[in-house]
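For reference, the structure is listed below as structure tokens.
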Amino acid sequence: MSLRNTEPPVQETAVQEPSVQETAVQEPSVQPAGPTSSKDGVQRRTNVRWKLFLLLLVLVSVNYIDRGSISVALPIIQKEFNMAPELVGLLLSAFFWTYALMQIPVGWLIDKFGPRKVMTASCVGWGAATAASGLAGGFLSMFIARLGIGVTEAGVMPAGGKLNAIWMHKSERGRGATILDAGAPLGAGLGGILIAGLIASTGSWRSAFIIAGAATVLMGLAVWWYVRDNPRQHRGVNDAEAEYIEASHAAEDAEAELDGSKGKRALLPYLKFRSFWAMCFGWLGFNGVFYGLLTWGPLYLSQAKGFDLKTIGWSTFVIFGAGFVGEILGGTIADKWRAAGASANRVMRTLLGTSSVVVIGGLVGVTVVADPTTAVVLLSVVMFFLRWVGLFWSIPSILGGRTNAGVLGGAMNFSGNISGFVTPIAVGLIVGATGSYTWALLYFVGSAIIMGVSVLTLNYNKRLPV
């Protein structure tokens, strides 16, 4: 079957799907309250959408603290469970097996029932599974607990992509996507310090996991309290903010009507388009690098560079903290450049193409430097530019509109998390066979090349005609 890329490159903006009511879980309409008038009598727009995305930033940060906690504690767990490198790779991959397999089903659930319910259930479930992993008595029980964390965490990112389509004006979705996704490097960076600190203060990695799990359950309650599937349902949103968002939706719906795009919840029709596959392979290549550094990075610093637990924690914070700063900056640049009149293709291909080149060069550099500090600096540069690809979380709504943003986000994240379960195993086999991390780093280079080709292939200008 030939792949068609019928979307013409002349459209400036992403086209979205029809009414939010179609995808929202219905609740009684709430009249907004609070001061809303400016000096000239025009209602001042509230900014609930930005507060909501700051909550999502915190949520995804907690997500990655929990997800990456095992990597920080791994030198201790490996010794306690007496695991060979190959077995370590298998354990690190366990989360991603179920996480990847759940992406498309959970994306469908988000489109059908709304992101609020799915995201809340995810928080409570993964908090309980994280706490359970602290009770593991050996490799098998830890492996099962990590499978459980994968199942329960699966809904968070696709739900966030759906909320980006529902809540953000089209001129703000680059920042919305990167605020959402910036929780990944922020959580990974903070997790290095927090989990290492909890282990040091409690004297046990098990206690650290239980405390992290309890905090996640509390985050689930915060999500249920603040998140809504429709801006009109949030008591903090005034008419000016709701109309601002709805005007963007209406303009996109009008373009969709002209293009003949329909509001059907479906995945199969997208499989014939080149941009769909470029989205999937771009995210697969990105995660081949990011998850490789997330899962094996602390052990690499310990075994190849001789870092102790405290130094691993701070080095991880520096590396992933650079990624957080880079991601927020990338989203801001993208939106401001678009606002200045540049096409979506010019903005995204320039930013993400540059990102790919720097990531490839930086990873090659890490393979040849011997100095530990220089390696940390290079990895920080790699992470800074790599996280620009967090802009990909705006793509499901670009290609599929509001109706299909959940299922397309699930498909994209499914593809990315194939790297999640393949990469830890592959690195474990490489390190076990060679006794070195050089070829593992070159594996990351190959993933970055896949990412680079994909981001330059994808058409960001227009919704796919499904």
Side-chain angles (χ1 to χ4, degrees), residues 11-24 32 34 36 38 42-57 114-116 159-182 226-234 236-258 261 263 327-345 347-348 351 390-406 408-409 460-463:
Q11 296 290 337
E12 258 316 88
T13 58
V15 180
Q16 305 299 318
E17 244 316 302
S19 68
V20 173
Q21 285 81 0
E22 213 177 272
T23 61
T36 58
S38 62
V42 178
Q43 191 178 47
R44 187 170 62 248
R45 201 163 55 227
T46 51
N47 288 301
V48 172
R49 64 197 184 283
W50 295 110
K51 295 175 184 177
L52 185 147
F53 270 75
L54 287 176
L55 174 63
L56 296 183
L57 170 65
R116 183 190 182 207
K162 181 82 167 184
L163 289 170
N164 193 29
I166 293 171
W167 274 83
M168 287 300 189
H169 190 279
K170 63 185 179 183
S171 67
E172 300 169 338
R173 287 187 191 134
R175 281 168 289 171
T178 51
I179 289 172
L180 170 72
D181 198 48
Y226 199 76
V227 173
R228 294 293 182 273
D229 293 330
N230 186 324
R232 290 283 184 184
Q233 295 168 354
H234 199 293
V237 175
N238 67 4
D239 285 337
E241 183 176 17
E243 290 165 3
Y244 172 71
I245 297 167
E246 289 164 359
S248 175
H249 292 169
E252 293 161 342
D253 293 346
E255 289 186 42
E257 191 76 22
L258 289 173
S261 300
E327 185 148 10
I328 296 297
L329 181 61
T332 302
I333 292 172
D335 278 349
K336 288 186 178 298
W337 197 357
R338 288 294 312 281
S343 72
N345 273 341
V347 171
M348 298 288 273
L351 290 178
L391 284 162
F392 257 49
W393 277 112
S394 65
I395 293 175
S397 62
I398 290 175
L399 300 185
R402 295 191 303 282
T403 296
N404 285 323
L408 283 185
Y460 306 88
N461 271 344
K462 189 186 174 188
R463 179 180 155 192

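What you see is a predicted model, and the numbers here were worked out from it, not measured in a lab.
- A heavy-atom distance below 4.5 Å is not found between the side chains of N164 and W393.
- What you find for G236 and V48 is that their closest heavy atoms are O-CG2, 3.3 Å.
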(request) Mind running side-chain contact (heavy atoms from CB on, under 4.5 Å) on W167 and V227 for me, showing each step along the way? (result) CA-CA 10 Å; W167 274 83; V227 173; 5.8 Å; no

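- With T46 contributing its side chain and N238 its backbone, the two residues share a donor-acceptor pair below 3.5 Å.
- A salt bridge between R232 and D239 is present, with a side-chain N of the basic residue lying under 4.0 Å from a carboxylate O of the acidic one.
- Of all the heavy atoms in F53 and I179, the pair that sits closest is O-CG2, 3.4 Å.
- A side chain to side chain contact (heavy atoms under 4.5 Å, CB included) with H234 is found for exactly one of E241, R49, K51, R228, namely R228.
- Residues A182 and I328 come closest through the heavy atom pair CB-CD1, 3.8 Å.
- In this structure a side-chain-to-backbone donor-acceptor pair under 3.5 Å is missing from S394 to A177.
- Side-chain contact between D229 and P115 is present, with heavy atoms from C-beta onward closer than 4.5 Å.
- In this structure, the separation between CZ on R175 and OG1 on T332 is 6.5 Å, given to the nearest 0.5 Å.
- Between N230 and I166 the shortest heavy-atom distance is CA-CG2, 4.5 Å.
- Closest of all the heavy-atom pairs between L351 and L391 is CD1-CD1, 4.3 Å.
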(request) List the steps and the verdict of side-chain contact (heavy atoms from CB on, under 4.5 Å) for W50 and M168. (result) CA-CA 9 Å; W50 295 110; M168 287 300 189; 3.6 Å; yes

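- Considering CZ of R173 and CG of L180, their distance stands at 13.5 Å, rounded to 0.5 Å.
- In this structure, L57 CG and L52 CG are separated by 11.5 Å, a value rounded to the nearest 0.5 Å.
- Heavy atoms only, all atoms of each residue included: G401 and R463 are closest at N-CD, 4.1 Å.
- One distance of note links CZ of R338 with OG of S343; it measures 7.0 Å at 0.5 Å rounding.
- Ring geometry for Y244 against H169 counts as parallel: the plane angle stays under 30°, on a 0 to 90° scale with 60° as the upper cut.
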